[in-house]
Asker: 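What follows is a single structure, and I will ask about it in a moment.
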Amino acid sequence: MRVLVVGAGVAGPTLAYWLLRTGHEPTLVERAPRLREGGYVVDFWGAGFDVAERMGIVSRLREEGYRFREAREVSGSGRRIAHFDPVGVIEGAAAGRYITVGRSDLARTIYDAMDGEAETIFGDTVDSLTDDGGRVRVRFASGAERDFDLVVGADGLHSRVRDLAFGPEEEYERYLGITVAAFDLDGYRPRDELVAVMHTDVGAQTLRISLRDGATMFCCTFRHDGDVPVDDVPAQQALLRGRLRDVGWELPGILEQLPQARTFYMDRASQIRMPSWSQGRIALIGDAAAAPSLLAGQGSALAMAEAYTLACALHEADGDHRAAFAAYHARLATLVRTKQDAAVGLGSAFAPRNRAQLLLRDAVFGLMSIPLVAHLAMGRSLRDPVELPPVPTG
């Protein structure tokens with residue numbers, strides 16, 4: 001089948017990879033003019049790791065990734081108040097099946113695995129979708145029109161495909177009251193190699209990580225009840241300055257350098273909850289279908305599992321897209337909802353509401369230095385209770 005996959009992040013190229021290997025003809029379309037750079041780092045494990053193994057990309061992800069020797073919480077003066085060894089704790093609990101990698105590096109690795117076999121259109125997106133039961137007529141923002149057997153939206157939290165085929169975003173979005181900003185700075189000091197340094201205050205947290213080539217990534221989470229400006233970086237940076245200017249620690253110097261950021265991303269920490277991930281010949285995967293929110297820490301791995309499962313379901317259904325879409329949803333809906341429910345309670349770890357939550361968070365973080373406690377706390381969450389379909393053959 002000819003399948004249009006909208007979005008070239010993590011989910012879209014994963015789906016295109018497996019569609020190619022099961023005899024279909026995927027076309028990727030991406031609104032950005034090229035693969036996106038920057039963003040945040042993701043902790044990658046579970047079912048997504050299984051998919052990466054089946055794609056043969058784990059070794060490259062390990063090369064692209066980071067093995068942090070310390071996760072450190074600091075006070076406003078920079079004094080270490082709690083720490084633990086993430087390699088020993090998390091990799092141990094995950095039996096080594098765990099990688100920390102930049103989200104854009106993960107997406108690029110998946111895209112490269114296709115080895116140029118899939119048609120890719122950059123700088124465009126869908127403008128309208130007409131499903132007549134036998135095909136989907138697609139009009140692109142560029143004005144071009146084409147027919148496809150299926151359309152799959154892998155275009156993120158603010159999915160254009162979802163808006164067109166399922167209805168407006170507000171019908172499905174669940175905002176968790178926290179906004180996230182991620183950006184990179186060159187030459188920032190101080191620099192702590194392979195240490196994730198965090199400062200948490202009431203209502204906000206800032207994470208600093210040293211990347212390769214002299215770059216430093218910052219990830220800021222903060223409670224925010226108002227709107228987040230869309231596609232307006234100066235307004236987003238103004239919001240960030242206004243919200244974090246009184247937090248202390250290194251924030252005054254960090255915020256002063258915002259105009260020099262190599263990349264900048266800001267969005268709401270939201271979930272997408274839908275009763276179904278398909279409508280006729282149109283389906284959704286990744287954050288477009290079931291964003292667990294950035295607080296869950298597993299959106300990219302879940303997106304890969306969803307893309308792989310959908311491709312397998314299409315292969316097993318031998319062209320019956322209705323049966324395939326139903327099987328895809330049935331296999332993963334419980335897992336996704338479990339991840340979403342768990343993430344709802346994580347807000348106090350990223351942006352405590354009050355002083356009591358802050359003190360409790362720091363105490364729990366400190367206990368992670370005890371191996372038995374850390375293993376009990378994290379071991380279960382690092383195993384996904386789902387059995388992926390076997391690798392398609394024939």
Asker: Just verifying a value: how many Å separate Ser270 OG and Leu294 CG, rounded to the nearest 0.5 Å?
Answerer: 9.0 Å
Asker: For Arg223, what residues pass the side chain to side chain donor-acceptor pair (under 3.5 Å) criterion, not counting sequence neighbours?
Answerer: none
Asker: Test Leu176 against Leu346 for side-chain contact (heavy atoms from CB on, under 4.5 Å), laying out the working first.
Answerer: CA-CA 10 Å; Leu176 301 184; Leu346 293 175; over 6 Å; no
Asker: Contact between Leu358 and Asn354 at the side-chain level, heavy atoms closer than 4.5 Å - yes or no?
Answerer: no
Asker: Taking side chain to side chain donor-acceptor pair (under 3.5 Å) as the definition, give me every residue that meets it alongside Ser128, ordered by chain and number, with sequence neighbours left out.
Answerer: Arg139
Asker: Could you list the donor-acceptor pairs under 3.5 angstrom formed by side chains in residues 318-330, with sequence neighbours left out?
Answerer:
unit_1	atom_1	unit_2	atom_2	d
Asp320	OD1	Arg322	N	3.2
Asp320	OD1	Ala323	N	3.2
Tyr328	OH	Leu284	O	2.7

Asker: Any link between Val161 and Phe122 through a network of hydrophobic side chains (Ile, Leu, Val, Met, Phe, Trp, Tyr) touching at under 4.5 Å?
Answerer: yes
Asker: Do Asp147 and Val136 come within less than 4.5 Å of each other through their side chains, counting heavy atoms only?
Answerer: no
Asker: Once you round to the nearest 0.5 Å, how far does CD of Gln279 lie from CZ of Arg162?
Answerer: 14.0 Å
Asker: side-chain contact (heavy atoms from CB on, under 4.5 Å), that's the test. Do Val152 and Val6 meet it? Break it down for me.
Answerer: CA-CA 6 Å; Val152 180; Val6 183; over 6 Å; no
Asker: Do any pairs count as a salt bridge (Lys or Arg N to Asp or Glu O under 4.0 Å) and have a residue in residues 255-273, sequence neighbours left out, and if so which ones?
Answerer: Glu169-Arg268, Glu173-Arg268, Asp184-Arg262, Asp186-Arg262, Arg273-Asp341
Asker: Got a second to check how far Ile57's CD1 is from Arg62's CZ, nearest 0.5 Å?
Answerer: 12.0 Å
Asker: Any Lys/Arg nitrogen of Asp131 or Arg137 sitting under 4.0 Å from an Asp/Glu carboxylate oxygen of the other?
Answerer: no
Asker: Which atom pairs, donor and acceptor, lie under 3.5 Å between side-chain atoms of residues 8-17 and protein residues at least two apart or in another chain?
Answerer:
unit_1	atom_1	unit_2	atom_2	d
Thr14	OG1	Val10	O	2.8
Tyr17	OH	Arg21	NE	3.4

Asker: Listed by chain and number, what are the side chain to side chain donor-acceptor pair (under 3.5 Å) partners of Arg241, not counting sequence neighbours?
Answerer: none
Asker: Report yes or no: does Gln340 contribute a side-chain atom to a donor-acceptor pair with the main-chain N or O of Ala291 at less than 3.5 Å?
Answerer: yes
Asker: Listed by chain and number, what are the ring pair (Phe, Tyr, Trp, His ring centres under 6.0 Å) partners of Tyr308, not counting sequence neighbours?
Answerer: Trp18
Asker: Would you find a donor on one side and an acceptor on the other, under 3.5 Å apart, between the side chain of Gln271 and the backbone of Ser293?
Answerer: no
Asker: When rounded to the nearest 0.5 angstrom, what is the spacing between CG in Asp105 and CG in Leu35?
Answerer: 11.0 Å
Asker: Taking the side chain from Thr221 and the backbone from Val180, do they hold a donor-acceptor pair closer than 3.5 Å?
Answerer: no
Asker: Would a distance-only check, ignoring hydrogens and angles, find a side-chain to backbone donor-acceptor pair under 3.5 Å from Arg146 to Phe140?
Answerer: no
Asker: Do Phe166 and Ile285 belong to the same hydrophobic cluster, where Ile, Leu, Val, Met, Phe, Trp and Tyr are linked whenever their side-chain heavy atoms lie under 4.5 Å apart, directly or via other members?
Answerer: yes
Asker: Hey, could you give me the CZ/CG distance between Phe148 and Leu4, rounded to the nearest 0.5 Å?
Answerer: 4.5 Å
Asker: Under a 4.0 Å threshold between the charged nitrogen and the carboxylate oxygen, would Glu53 count as salt-bridged to Arg97?
Answerer: yes
Asker: Of all residues at least two apart in sequence or in a different chain, which pass the ring pair (Phe, Tyr, Trp, His ring centres under 6.0 Å) check with Phe49?
Answerer: none
Asker: Which residues pass the side chain to side chain donor-acceptor pair (under 3.5 Å) test with Gln257, not counting sequence neighbours?
Answerer: none
Asker: For Arg60, is there an ion pair with Asp112 - N to carboxylate O distance below 4.0 angstrom?
Answerer: yes
Asker: Counting distance only, does the side-chain N/O of Arg331 pair as donor-acceptor with the main-chain N or O of Glu387 below 3.5 Å?
Answerer: yes
Asker: Any donor-acceptor pair under 3.5 Å linking the side chain of Asp192 with the backbone of Val195?
Answerer: no
Asker: Sub-3.5 Å donor-acceptor pair from the side chain of Ser75 to the main-chain atoms of Arg79, do we have one?
Answerer: yes
Asker: Determine whether a donor-acceptor pair (N or O, by modelled atom type, separation under 3.5 Å) exists between the side chain of Asp227 and the backbone of Pro229.
Answerer: no
Asker: Would you mind listing every ring-ring contact (aromatic ring centres under 6.0 Å, His included) that reaches into residues 54-77, with sequence neighbours excluded?
Answerer: Tyr66-Phe68
Asker: Please examine the side chains of Val197 and Glu250, heavy atoms only from C-beta on, and report whether any two atoms are closer than 4.5 Å.
Answerer: no
Asker: So, taking the atom named CG in Asp287 and the one named OG in Ser300, what distance separates them when rounded to the nearest 0.5 Å?
Answerer: 7.5 Å
Asker: What residue pairs, at least two apart or across chains, pass ring-ring contact (aromatic ring centres under 6.0 Å, His included) with a residue in residues 185-226?
Answerer: Phe183-Phe218, Tyr188-Phe218, His199-Trp249
Asker: Check Arg80, Arg361, Gln205 against Glu73 for a side chain to side chain donor-acceptor pair (under 3.5 Å) and give me the one that passes.
Answerer: Arg361
Asker: Can you list every pair that meets side chain to side chain donor-acceptor pair (under 3.5 Å) and has a residue in residues 23-33, with sequence neighbours left out?
Answerer: Thr27-Glu119, Glu30-Arg36
Asker: So which atom in Cys220 and which in Leu240 form the shortest heavy-atom distance, rounded to 0.1 Å?
Answerer: CB-CD1, 4.1 Å
Asker: Backbone N or O of Glu70 within a donor-acceptor pair of the Asp85 side chain at under 3.5 Å?
Answerer: no
Asker: Tell me if a side-chain donor or acceptor on Arg191 pairs with a main-chain N or O of Leu211 at a distance below 3.5 Å.
Answerer: yes
Asker: Other residues, nucleotides and ligands only: do more than 12 of their heavy atoms fall within 6.0 Å of CZ on Arg212?
Answerer: yes
